[in-house]
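The model shown is predicted, which means the values in this text are computed figures rather than measured ones. We count residues from 1, following the sequence as given.
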Amino acid sequence: MDFFYVLGIGILRIFQSSFNKQSSKYLPSINQYLRFGLYFEASASFFALIYLCINGFYGLNALTIICSALMGTMFLLELTTSLKALQNAPLALCTICALGGGIILPALSGIFFFDEPMNVWRWLGVALFFVSAYFLAPYEKKRISIKKSTVLILMLNFIINGFCGIISKFFAVKLDNGNAAMFACLSYAFATVWFFAVLFVSQRKSRASTEANEHFLPKPVYFFGGAVGAVCASIVFFTTVLSKTVSIIILNTVPNAICLVGCLLIDAFLFRGKLNARQIIGAILNVLATTVIVLL
């Protein structure tokens, strides 16, 4: 039964990626991205509150607050480092770094802190996953020279994505009576506060520009942002619940693998994108990597 929930998280990640892609078309400036972040985090907090109403208002303690504050901070840092990296590095490299941190660091934490050893087959599966991600990532013909500052940002993004997975696992394992809905709701509430603070500072610095006077998001973004909020609230809730019983390597690799292949298929069949040999090889390797990680 747990594995079906893991598959469900992978499907939710496909929706998350698709909605984010659609939203990005309407966000030409940094301030607009910050407004989107604020709206999205507030929406996610609202939908997580619905889970909290269903799950029950219990589990509010110091450790829950600390873990939620850390997770909310990671949400802010992940978006800002991703945007900065995308401005100065190829999309494929940014994708590999983001996925890498979300898989390698949780896998290592599973070995050293959560008593979840990794065998040779699983490491092979992880290696195959990164090869498949390389083939599935958009190919860019232009060679971009990467500055040292960009390398630092990519490394930070790598670490931040890893900590997101570790924090939810730590919360689930260390608190036997922890409330996953409370954790999700508070995490997005903290993120909302952080985004509001950053946007306030950013607008004060650029008050004289026309960009600072764009107080409202384009109308389609309100739909996409709300949808992403609902999806992400569900992802964090179910990921935290499953962290008690599912290995961290499975929980962080399988949904990402499903997302990579799912987005490729959606683009090919719904938006008339063209599948090339490179992407087909990547999809086959992705399925093989997932099979090895789950079964061996």
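For Y58, the OH atom counts as densely surrounded, since its 6.0 Å shell holds more than 12 non-hydrogen atoms of other residues, nucleotides or ligands. In this structure, F57 places its CZ atom where more than 12 heavy-atom neighbours from other residues, nucleotides or ligands lie under 6.0 Å away. Shown here is F196, whose CZ atom has no more than 12 heavy atoms of other residues, nucleotides or ligands within 6.0 Å. Crowding of D115 atom CG: a count of heavy atoms from other residues, nucleotides or ligands under 6.0 Å not exceeding 12.
At least one side-chain heavy atom of V236 sits less than 4.5 Å from a side-chain heavy atom of F75. Side-chain contact between L105 and F158 is present, with at least one heavy-atom pair separated by less than 4.5 Å. Inter-residue side-chain proximity for T239 and V246 is flagged as unmet; no heavy-atom pair is nearer than 4.5 Å. Taking the side chain as every heavy atom from C-beta outward, F114 and F170 approach each other to under 4.5 Å. When side chains are defined from C-beta on, I249 does not count as touching P106, because their heavy atoms never get closer than 4.5 Å. When side chains are defined from C-beta on, L285 does not count as touching F129, because their heavy atoms never get closer than 4.5 Å. Residues I248 and S109 meet the side-chain proximity criterion, which asks for heavy atoms closer than 4.5 Å. Contact of the I258 side chain with the T290 side chain is not registered, since no non-hydrogen atoms from C-beta on lie closer than 4.5 Å.
Nearest approach of A233 to A48, heavy atoms of both residues: CB-N, 3.8 Å. Taking each heavy atom of I160 and M74 in turn, the nearest pair found is CG2-O, 3.6 Å. Closest approach of W194 to A69, counting heavy atoms only: NE1-O, 3.9 Å. Nearest heavy atom pair, residue L12 against residue V231, reads O-CG1, 3.1 Å. Among all heavy-atom pairs drawn from P218 and Q32, the shortest one is CD-NE2, 3.7 Å. Considering all non-hydrogen atoms of both residues, R122 and S247 come closest at NH1-OG, 3.5 Å.
If you take CG on L38 and CZ on F200, they are separated by 13.0 Å, rounding to the nearest 0.5 Å. With values rounded to the nearest 0.5 angstrom, I14 atom CD1 is found 12.5 Å from I9 atom CD1. With rounding to the nearest 0.5 Å, the separation of CD in E78 from SG in C164 is 6.5 Å. I54 CD1 to L49 CG: the interatomic distance, rounded to the nearest 0.5 Å, is 10.0 Å. Distance check: F237 CZ to L52 CG gives 9.5 Å after rounding to the nearest 0.5 Å. With rounding to the nearest 0.5 Å, the separation of OG1 in T64 from CG in L186 is 7.5 Å.
Between E116 and K169 there is a salt bridge, with a side-chain nitrogen of the basic residue lying less than 4.0 Å from a carboxylate oxygen of the acidic one.
Between F238 and Y5, the ring planes lie parallel to each other; the angle is under 30°, not in the 30° to 60° tilted range.
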**Prompt:** Please walk me through it: do N61 and I65 pass side chain to side chain contact (heavy atoms under 4.5 Å, CB included)?
**Reply:** CA-CA 6 Å; N61 51 55; I65 294 173; over 6 Å; no

**Message:** Working note: C232 + Y188, criterion side chain to side chain contact (heavy atoms under 4.5 Å, CB included); need CA distance, chi angles, decisive distance, verdict.
**Reply:** CA-CA 10 Å; C232 287; Y188 284 113; 3.2 Å; yes

**Asked** For T73 and F190, what are the C-alpha separation, side-chain angles and deciding distance, and is it a side chain to side chain contact (heavy atoms under 4.5 Å, CB included)?
**Response** CA-CA 7 Å; T73 305; F190 276 111; over 6 Å; no

**Request:** Please test S243 against V173 for side chain to side chain contact (heavy atoms under 4.5 Å, CB included), starting from the C-alpha separation and ending with a verdict.
**Result:** CA-CA 7 Å; S243 291; V173 171; 5.8 Å; no

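Under the 3.5 Å distance criterion, the side-chain polar atoms of N157 are left unmatched by any main-chain donor or acceptor of I153. The backbone N or O of M71 sits nowhere less than 3.5 Å from a side-chain atom of S187 that would complete a donor-acceptor pair. Remark: the backbone N or O of L60 is not paired with any side-chain donor or acceptor of N179 at under 3.5 angstrom.
Both I235 and Y39 sit in one connected hydrophobic cluster of ILVMFWY residues. Membership requires side-chain heavy atoms under 4.5 Å apart, directly or through other members. Note on V120: it does not cluster hydrophobically with I104, by side-chain heavy-atom contacts below 4.5 Å among ILVMFWY residues. By the criterion of side-chain heavy atoms lying less than 4.5 angstrom apart, applied directly or through intervening Ile, Leu, Val, Met, Phe, Trp or Tyr residues, V287 is not grouped with L128; the two fall into different hydrophobic clusters. Residues F40 and I50 do not share a hydrophobic cluster, defined by chaining ILVMFWY side chains whose heavy atoms lie under 4.5 Å apart. Residues W123 and F112 are members of one and the same hydrophobic cluster, defined by side-chain heavy-atom contacts under 4.5 angstrom among Ile, Leu, Val, Met, Phe, Trp and Tyr.
In this structure, a donor-acceptor pair under 3.5 Å is present between the side chains of Y51 and S234. No donor-acceptor contact under 3.5 angstrom links the side chains of N256 and T253, judged on distance only.
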